[in-house]
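Okay, so here's the structure we're looking at.
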Amino acid sequence: VSEHASPLAALGGVDAGGQNVHVAALSAALARRGHTVTVYTRKDSPDLPPRVKAGPRLEVVHVKAGPASHVPKDELLPYMEELARGMATDWGQRQPDVVHGHFWMSGLAALDAARRDGTGYRIPVVQTFHALGTVKRRHQGIDDTSPLERRWLEPRVGRDADRIIATCSDEVFELKAMDIDTGKVSIAPCGVDLDLFSADGPGESRPRRHRILSVGRLVPRKGVDLVIRALPLLAAEGYDDVELLIVGGGAEPGLLESDPEVRRLLTLARDLGVADRVTLRGQVPRDAMPGTFRSADAVVCTPWYEPFGIVPLEAMACGVPVVAAAVGGLRDTVVDHRTGIHVPPRDPEAIASALALLLGDPALRAELGAAGQQRARSRYSWDRVAVETEKAYQLAIAGVAAGTVPMEGAAL
Ligand code: UDP
């Protein structure tokens, strides 16, 4: 269940990123292992067909839940009951062995649907949060647009789910702080599509001597402004023939400037006198991403916080070193001075120093890039993640069968 993040959506918009990739790749990997997988997502456009066959044993179902148009994810809570009803109706007498909710609101819908069955059989529910409201609030304060109800409904999803999959070790501490029993938490990271992302293949040409790449949804917490702030500092260290390529944001270059975050970043670049070095490209389709990664000397990921972060894995798989803020999942994936360089959060000076080190040393770049590639390949294939996920499903199913998981639990 992935209420706002369809596996079929274009990526890079405000609410379309890692969760979409995760759900698409994980469900495909589970289907490859022989499972029959149905992904339920909200019908967010009138043109969407009710069902799409996405591969062998893999189907995406667009459930009517609220208006058939884009609704920001933080405004979707009122439609979760309708989503739950739609799923339960779709199951009919053929119930799934397990329901997996992605993001807290999908968890609500999953728990609600799993308890709608009148036969007394309780469908096991596994939950992946992707992001936690407590962490978001801590970092975003009054700018957090999550509905107020998230404060009590998200921990409730954590308590009522039969099993939780955390994507990094840091998340387990956060779950504990939410008073959730960590005995039912498994850790399974996100993965990377190793067939698509590899160091072999052409890289696109670049307009300057060096290219630094930032990829992701253009939202303030991704810290792209910090990289722009690092550019004059990098120039002071002698690196001014540098392009910062920013991928993500509005759908087409023509529409980019209508995005307030794009305007903020461009204004900042102008104020700092580095606008000529900053390229905002907008969304890049999946298939073109590897060539873009391969054209970079370094990929910079410096979010304020990061539940997992698939972009660093994609960079590593393409053999490109990563400058990563030492937060959340990035501390697990990027190994300091082995596959990239860690910097403290929100620290443009440290970003500039790390970039200067990498731009000035091609041998170091190659060494870190090769180690990153090796790490991505050996640990982060989606097939491996699917095996870990399957183990969590089995534990949830066994727990429900044995009655060792709480039977109470509220729906919406
Ligand atoms: N992405 C993409 N094209 C874009 C922007 C982003 O394909 O124009 C992809 C990117 O390659 C990655 C995902 O969107 O696979 C972002 O995931 P990540 O976990 O890094 O961030 P999140 O969106 O979960 O915050």
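Each ligand, and each atom within it, is numbered from 1 in the order the structure gives.
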Would E204 and R294 count as a salt bridge (Lys or Arg N to Asp or Glu O under 4.0 Å) if you check the C-alpha gap in whole Å, the side-chain angles of each, and the deciding distance to 0.1 Å?
CA-CA 7 Å; E204 57 182 52; R294 288 193 287 257; over 6 Å; no
Applying side chain to side chain donor-acceptor pair (under 3.5 Å) between E243 and each of R277, R208, R209, R211, report the one that passes.
R211
Atoms of ligand 1 close to R217 [distance to a heavy atom under 4.0 angstrom, numbered from 1]:
22 (P), 23 (O), 25 (O)
for atom 16 (C) of ligand 1, nearest protein heavy atom and its distance come out as G18 N, 3.5 Å
Enumerated ligand 1 atoms positioned under 4.0 Å from heavy atoms of M289
3 (N), 7 (O)
Tell me the protein heavy atom at minimum distance from atom 6 (C) of ligand 1, and give that distance in Å.
V215 CG1, 3.9 Å
Measure from atom 21 (O) of ligand 1 to every heavy atom in Q19, Q283, K222, R286 and give the option owning the shortest one.
K222
Would one find more than 12 heavy atoms of other residues, nucleotides or ligands at under 6.0 Å from atom CD of Q374?
no
Answer yes or no: are there more than 12 heavy-atom neighbours, outside R379 itself, under 6.0 Å from its atom CZ?
no
Ligand 1 to V247, heavy atom cutoff 4.0 Å, flagged ligand atoms 4 (C), 8 (O)
Could you find the nearest protein heavy atom to atom 19 (O) of ligand 1 and give me its residue, atom name and distance?
I310 N, 2.8 Å
On the 0 to 90° scale, with breaks at 30° and 60°, tag the H4-F103 ring pair as parallel, tilted or perpendicular.
perpendicular
